[in-house]
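A short worksheet on the structure shown next.
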Amino acid sequence: MDKINTSDIDKKWQSFWAQRKNKFKHTDKEKKFYCLEMFPYPSGKIHMGHVRNYAIGDVLARYKMINGFNVLHPMGWDAFGLPAENAAKENNLNPKDWTKKNISTMKHQLQLLGLSIDWDLEISTCDEDYYKHQQELFIDFYNKGLVVRKETYVNWDPVEKTVLANEQVIDGKGWRSNAVVERKKLFQWFFNISKFSDELLEDLSSLKEWPERVKLMQKNWIGKSVGCEIDFKIYKNDKSVKVFTTRPDTIFGATFLALSVDHPLCKDYLTRSDFIDFKKKCSQVGTTEEAIANAEKIGFKTDLEAEHPFIKGKKIPIYVSNFILMDYGTGAIFGCPAHDQRDLDFATKYKIEVIQVVKPKNTNNEKIHNGAFTGEGSIINSDFLNNLTISEAKEKIVKEIEKKKIGKKKITYRLKDWGVSRQRYWGCPIPMIYLKNGKVIPVDKSELPIRLPDDIDINSKGNPLDNHPTWKKTRYKKTGEKATRETDTLDTFVDSSWYFLRFCSPKLKSKPFDEEAFKYWMPVDQYIGGIEHAILHLLYSRFFMRAIKFCKKDIKIKEPFKGLFTQGMVCHETYKSEKGKWLSPDQVENTKLGMRSKIDGSKIKVGPSEAMSKSKKNIVDPESMIKIFGADAVRWFILSDSPPERDVQWSTAGVSASHKFIQRIWSLNQKVLNRKQGEISSADEKKLQLKFNEYIFKITDLIENFQLNVAVAKIYEITSLMETNLEKKIQNENLIILQNKFMKILLPFAPHLSCECLSKLEGKNFYEEIQWPKADKSLLGKQEVTLVVQINGKKRALIVTKKDLSEKDVLAEAKKIENIQKNLKGKKIIKNIFVKNKIINLIIN
RNA sequence: GCCCUCGUGGUGAAAUGGUAGACACAAAGGACUUAAAAUCCUUGCCCGUAUGGGAGUGACAGUUCGAGUCUGUCCGAGGGCACCA
C-alpha cells in the first residue's frame, strides 16, 4: 500500500488548476456566483484566521463550480494602513517596500493552500491603478454633496505632534511618547453617511441571508431613537436651551440640565480660569464611548438656572458635564436622576434633588432603592401624567409640548457622519486643494491619480506628507494660481468599501468599474469574513453602494452583499513560564511531568485557549503546518471540529489526525481499485446504495447551510461505510462508481486528494468533467427506520422496522417486546402518542 | 457604563420539540509485532456479571404526552463600543 506524498500532489494539482483557471466543461454562464472572502491586510505572513476564512470560502466556491455555476472568486490586498507606517518607523524603510514584500510572501502562502482563486484578478489598494479610481469616486461624492468638511475631536499626542489611533492610546497616554493624550479639534473630511441613516436601517430587513445578530448590531449602531426636543427657558435671560430626550415622560423628575463642554452656551465661560481647568480635565478622557461612559462624571456649575416648563416657578440648575456629547442629540439633556443611572451618579455627586416619577410595575413599593429605575411602571408625582403608563405618558407629554410650542417630537440617530481624514502617510491621498482665498476645491479629474511620494521622512514628527518639502505645493488647473494639497489621507475603510466592485473589472483603466460587468456579477452572492467587521466595514460598504447609486443613474443595486457569513476566530492554548513570560507552542512540549519548556525544561503554566495573537505568542504558522501535513490536512482540520461561525481551537494533535485521515482515504481508494471480486448479494448492494444516496442528500444540504463541521463528520461516516463494504458482497464496478462519487463530494474539502484519487479511478488526470453527484430523491428514506418506544415519556425499547408502519402495527410490535411487557404489567394504557417513523409514547396510569 | 453572543462528557462538538453525546481529539485496555511505529478493536457517570435500571445538556421555575431545543428569572464566560484591520 502506497503512502501519500502530500507535497507532490499539492504541487501537481496547484499547477494543474492554475493552468486551467478552474474552468469546467459544464459551466453555465446563466448561473453566476460571486464568492468573496474579506481580503487580507498584508501584515507579513498569513495566519490561521486567514486559513479558516479562505478554506470556508473555497469549499463554497468549489462546490458551486462543480455544480455548474460561473464563479467569481477573486483575491486582493487591503494594503494601506497604520501597521506599515509603524513597521517602517521601526526598521527605517518605506511602507511601500514593506507592504510589497508582505504581499508577495502572503500570496505565495495562500497559493500553498490550493485555493480556487483566479489570481489574474488580483488587486491591491495601495496601487495607483486602484486608488486613482477611489479619488475619482471621492470627487463624485463631493460634487453630489456627500462629502463635507467639519471640525471634530482626535486623540492628540503633544510630543509626537501626531494624531493617535485609539489603539495607540494606552491608559490615556501615547504608546511611543508616553505623553498624556489630549482631545484636540481638527477640521476633517466626512462622508455624509447619516444622510442614509433611515435607509440603512430599513433595508436591513431585506437582507435575508445575513446573520440576525449582525443585523441587530447594525441596527443598534444606527441607533434610531424616537424622543422629543424641549426648550428650557433660562431664568432672567432671553436665551433658552434645547434638550433632546427619549424619556419626556420623566419631565417632572427633571432636577438639572447638563450641557456638553462644546455647547454654544459655554462660550461665555471660555475666559474663566475655573472653566478652562474643567475643560482641560474633560479633554483628558479618551474619545471612545467606553472611556466616556466609564470616566468619573464631573460637572461645572454655571450661574444659570432654567425654568421648568411644566412646574411654575420651579428653577433647575444648569451644569456642564463630561458625559454629554455634542454630536448626539442637541448636546444638552435634562437630568432625571431617579430614572437614569448616569444622571443619578451625577446628582449624587453634586447633591442634586432626586424626584421619583415612575412607580415600578407589580409592586406596592412607592420607593425605589437600588439605583435608577428604568423599567416599566406607572407615572407618579407628575401632575396631569399621573397613573399613565410610560408609553401613554410619552404620547401625552409630547402633545402638550407641541401645544405649548416649546418643542416637538424628534427622531435622532446615533449614527454619526463617517470621518475619513487621517493625518498619516500610508493611505489614499484626498484629492482636494486649498486656494489662497480660502476656498477648498477638488482636483481636476484629469490630474488623477494624486500619487503618494516615495521620498518621505517617515520618522519626522507629525504627518510626513505635510512635512514633505514640495509635495503639497501645486497649482489650480483652471486658473494656474498657486494652491496647497490636502495632506490628510483616507481612512483605510474607504479602500475596502468598494473593492468588491473593482473585482468585476479589475484591469479597467478608464473608470472604477465596468457597468456591464457590474450588472453581471453584483451583488456578491456570498461574502465571508470575521465577525469583527459586523458593523463598520459592512455598514460603510452599504453606504458606498448607495452613494454610488446616488451618483450614477444606471446603478440599481443598493445592497452589495446578498449573503453574509461571519466565521469565528482560531484559538490556541497559551503558555506562560514561571517568570510570567509568554511562550509559543513550538517552545513547549508535553512530558510525563506536564508541560515543560523545550529551552530549559522549566514548568509551564497552560492558560486558556484564546484567539491567536502575537502578544500572547499562541501562534501556529500555517506554512510550516502545510509543509508537514499537506494543504488538505490543514484545510480539513480547520473545517472539521467546530461550526464555522464559532471559534475553533487549533491543536497539533488534531491536524495530525487529519493527516491520518487523508492517508486513510488514499488507502481506501487503492483498496477499492485493487479489490478482488467475491460473491455478490443484491441485498447488500441495495443497502449500500440507499445509505450512500442519503449521504449525498445530507451533505449537499449541510454545505448549503454552512454546517461544514457536520458535513465533515458525514464524510468520516462515508469512509467507514465504504471500508465496511469492501468486505461485503458488492460488485467491484458498483463500488468504484460510489468511490468516484465519494471523491467528488470530498473535492471542496480536500481538493488535492480528491483530484488525485479521481485520476487514479479514471486512469488519467481528471478535473474539468467533475460534477457534484445528485441525490436520487425517490430513494430517500427507503431504508429501515428505528422507532422509539416510550412509556410515560421514557425510552424503554427500540423497534427496527420498515418505513411508514401504522400506529396499530407499531403498537402490536411494541407489545411483543419483553421489556415493554414487563413495564405494562398490571398497568392500563390511557393513551398513545404516535409520530410516524419516529416514536410511540405509551401513557400508563 | 451600554450593546451583543455563548453555556451539552476530560476536550472540540452533534441533535426539523421525539433514542442526548453522532463525528473527532485525548485517555485506558486489548489485537497484530521479537520490539517499536503504523493500523485495527473495545471502554467511557452511578448500581448490576448481564438483560436492565437510575442520574444527566450552567441554576431554578413554567409550557408539553415528551424540553439541550420554547417562555421567564438568575448565575457564569467571551466579544464590540466610531483613528487596529
Side-chain angles (χ1 to χ4, degrees), chain A residues 1 3 38-41 43 78 80-83 86 154-155 163-169 188 211 213-214 216-217 219-221 223 287-295 297 323 341-342 345 414-424 491-493 495-496 530-537 539-540 568-569 571 608-611 637 640-643 645-649 651 653-658 660-661 663-664 667 707 709-717 720 723 786-798 818-819 822 830-833 835 838-843:
Chain A
M1 198 70 66
K3 284 263 179 257
M38 290 179 184
F39 66 164
Y41 178 78
S43 54
D78 189 12
F80 275 136
L82 198 53
N86 295 339
V154 293
N155 297 312
V163 177
L164 298 179
N166 282 336
E167 69 157 15
Q168 295 174 317
V169 181
Q188 309 211 56
R213 70 168 170 143
V214 172
L216 189 61
M217 279 163 94
K219 184 184 163 209
N220 291 338
W221 188 261
T287 55
T288 68
E289 197 170 291
E290 185 193 8
I292 292 162
N294 284 335
K297 287 164 192 66
F323 71 99
Q341 191 57 47
R342 290 164 304 179
D345 293 345
R414 180 177 168 274
L415 181 65
K416 294 187 281 192
D417 277 338
W418 173 14
V420 293
S421 291
R422 297 292 182 270
Q423 296 67 37
R424 309 192 196 291
D491 177 9
T492 55
F493 271 122
D495 310 338
S496 55
I531 186 73
E532 67 272 23
H533 292 292
I535 300 171
L536 293 184
H537 164 57
L539 193 67
Y540 292 157
M569 289 181 294
C571 300
S609 192
E610 292 182 59
F637 174 67
S640 62
D641 265 8
S642 298
E645 69 275 13
R646 231 185 278 175
D647 288 352
V648 66
Q649 278 187 50
S651 78
V655 69
S656 155
S658 296
K660 283 179 197 167
F661 179 68
Q663 174 62 44
R664 192 174 144 200
S667 306
Q707 288 179 277
N709 58 321
V710 190
V712 162
K714 297 294 164 199
I715 291 175
Y716 275 110
E717 289 181 24
S720 295
E723 284 168 346
T786 307
L787 276 136
V788 183
V789 185
Q790 292 184 340
I791 291 176
N792 285 348
K794 282 206 179 275
K795 181 179 79 174
R796 287 293 178 240
L798 298 176
E818 198 189 319
N819 195 36
K822 206 169 80 188
I830 299 164
K831 68 169 179 175
N832 352 315
I833 283 99
V835 182
K838 286 263 152 110
I839 197 164
I840 185 158
N841 187 6
L842 310 175
I843 311 301

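Protein chains get the first letters and strands the later ones, always in sequence-line order, with residue 1 at the start of each.
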(request) Could you run through nucleotides 44-53 of chain B and give me one letter per nucleotide, 5' to 3': B if any protein heavy atom sits under 4.0 Å from the base, S if only the sugar-phosphate is that close, - if neither? (result) --------SS

Which part of the nucleic acid, if any, lies within contact of [X], taking any heavy atom under 4.0 Å across all strands shown: a base, the sugar-phosphate backbone alone, or nothing?
| X | answer |
| --- | --- |
| Pro40(A) | nothing |
| Ser642(A) | sugar-phosphate |
| Asp345(A) | nothing |
| Trp418(A) | nothing |
| Leu216(A) | sugar-phosphate |
| Gly654(A) | nothing |
| Ser658(A) | nothing |

Report the distance from atom [atom1] of [X] to atom [atom2] of [N], rounded to the nearest whole Å.
| X | N | atom1 | atom2 | value |
| --- | --- | --- | --- | --- |
| Lys714(A) | A24(B) | NZ | C1' | 13 Å |
| Ile535(A) | U5(B) | CD1 | P | 12 Å |
| Ile840(A) | C65(B) | CD1 | C1' | 12 Å |
| Phe493(A) | C83(B) | CZ | P | 8 Å |
| Tyr716(A) | G12(B) | OH | C1' | 12 Å |
| Ile715(A) | A14(B) | CD1 | P | 16 Å |
| Asn792(A) | G66(B) | CG | P | 9 Å |
| Glu723(A) | C23(B) | CD | C1' | 14 Å |

Mind listing the closest non-hydrogen atom pair of [X] and [Y] along with its distance?
| X | Y | value |
| --- | --- | --- |
| Arg414(A) | Trp221(A) | NH1-O, 3.1 Å |
| Gly419(A) | Asp491(A) | O-OD2, 4.3 Å |
| Gly81(A) | Tyr41(A) | O-OH, 3.8 Å |

(request) Quick one: classify the glycosidic conformation of G53(B) as syn or anti, with syn meaning within 90° of 0. (result) anti

Look at the side chain of [X] against the base of [N] and say whether a donor-acceptor pair falls under 3.5 Å; ignore hydrogens and angles.
| X | N | result |
| --- | --- | --- |
| Arg646(A) | C6(B) | no |
| Asn220(A) | C3(B) | no |
| Gln188(A) | C83(B) | yes |

(request) Could you check whether the rings of Phe493(A) and His537(A) sit parallel, tilted or perpendicular, using 30° and 60° as the cut-offs? (result) parallel

Out of [options], which has the shortest distance to the side chain of [X]?
| X | options | value |
| --- | --- | --- |
| Val788(A) | A24(B), C25(B), U19(B) | U19(B) |
| Gln423(A) | A82(B), C25(B), C83(B) | C83(B) |
| Ala713(A) | A15(B), C23(B), G18(B) | C23(B) |
| Leu798(A) | U19(B), A26(B), A15(B) | U19(B) |
| Trp221(A) | U39(B), C81(B), U19(B) | C81(B) |
| Leu82(A) | C65(B), A85(B), G12(B) | A85(B) |
| Asn841(A) | G18(B), A24(B), C83(B) | G18(B) |
| Asp641(A) | A85(B), G12(B), A82(B) | G12(B) |
| Arg422(A) | C83(B), U16(B), C25(B) | C83(B) |

Suppose you measure atom [atom1] in [N] against the same atom in [M]; what distance do you get, rounded to whole Å?
| N | M | atom1 | value |
| --- | --- | --- | --- |
| G44(B) | U11(B) | C1' | 14 Å |
| C25(B) | G72(B) | P | 40 Å |
| C70(B) | A15(B) | P | 13 Å |
| C60(B) | A55(B) | P | 14 Å |
| G68(B) | G62(B) | P | 15 Å |
| U64(B) | A13(B) | P | 34 Å |
| U19(B) | C84(B) | C1' | 49 Å |
| C40(B) | U33(B) | C1' | 13 Å |

Counting only side-chain N and O atoms of [X], is one of them less than 4.0 Å from OP1 or OP2 of [N]?
| X | N | value |
| --- | --- | --- |
| Thr786(A) | U19(B) | no |
| Gln649(A) | C25(B) | no |
| Asn709(A) | A14(B) | yes |
| Arg213(A) | C4(B) | no |

(request) Could you verify whether a donor N or O on one side chain and an acceptor N or O on the other, from Arg664(A) and Ser720(A), lie under 3.5 Å apart? (result)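 Result is yes, a qualifying pair exists.
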
Atom pair [atom1] ([X]) and [atom2] ([Y]), whose distance is rounded to the nearest 0.5 Å:
| X | Y | atom1 | atom2 | answer |
| --- | --- | --- | --- | --- |
| Ile535(A) | Tyr540(A) | CD1 | OH | 10.0 Å |
| Ile843(A) | Ile833(A) | CD1 | CD1 | 4.5 Å |
| Asn709(A) | Lys714(A) | CG | NZ | 11.0 Å |

(message) Strictly by Watson-Crick or wobble contacts shorter than 3.5 Å, is anything paired with C81(B), and which nucleotide is it?
(response) G1(B)

(request) Please determine, for U69(B), whether a Watson-Crick or G-U wobble partner exists with both distances under 3.5 Å, and give it or none. (result) none

(request) Apply side-chain contact (heavy atoms from CB on, under 4.5 Å) to Val835(A) and list each qualifying residue two or more places apart in sequence or on a separate chain. (result)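 Scan of Val835(A) (side-chain contact (heavy atoms from CB on, under 4.5 Å), adjacent residues dropped) gives Lys838(A), Ile839(A).
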
(message) Among residues at least two apart in sequence or on other chains, which ones pass side-chain contact (heavy atoms from CB on, under 4.5 Å) with Ile791(A)?
(response)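 Ile791(A) satisfies side-chain contact (heavy atoms from CB on, under 4.5 Å) with Arg796(A), Ile820(A), Asn823(A), Leu824(A), Leu842(A), Ile844(A) only.
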
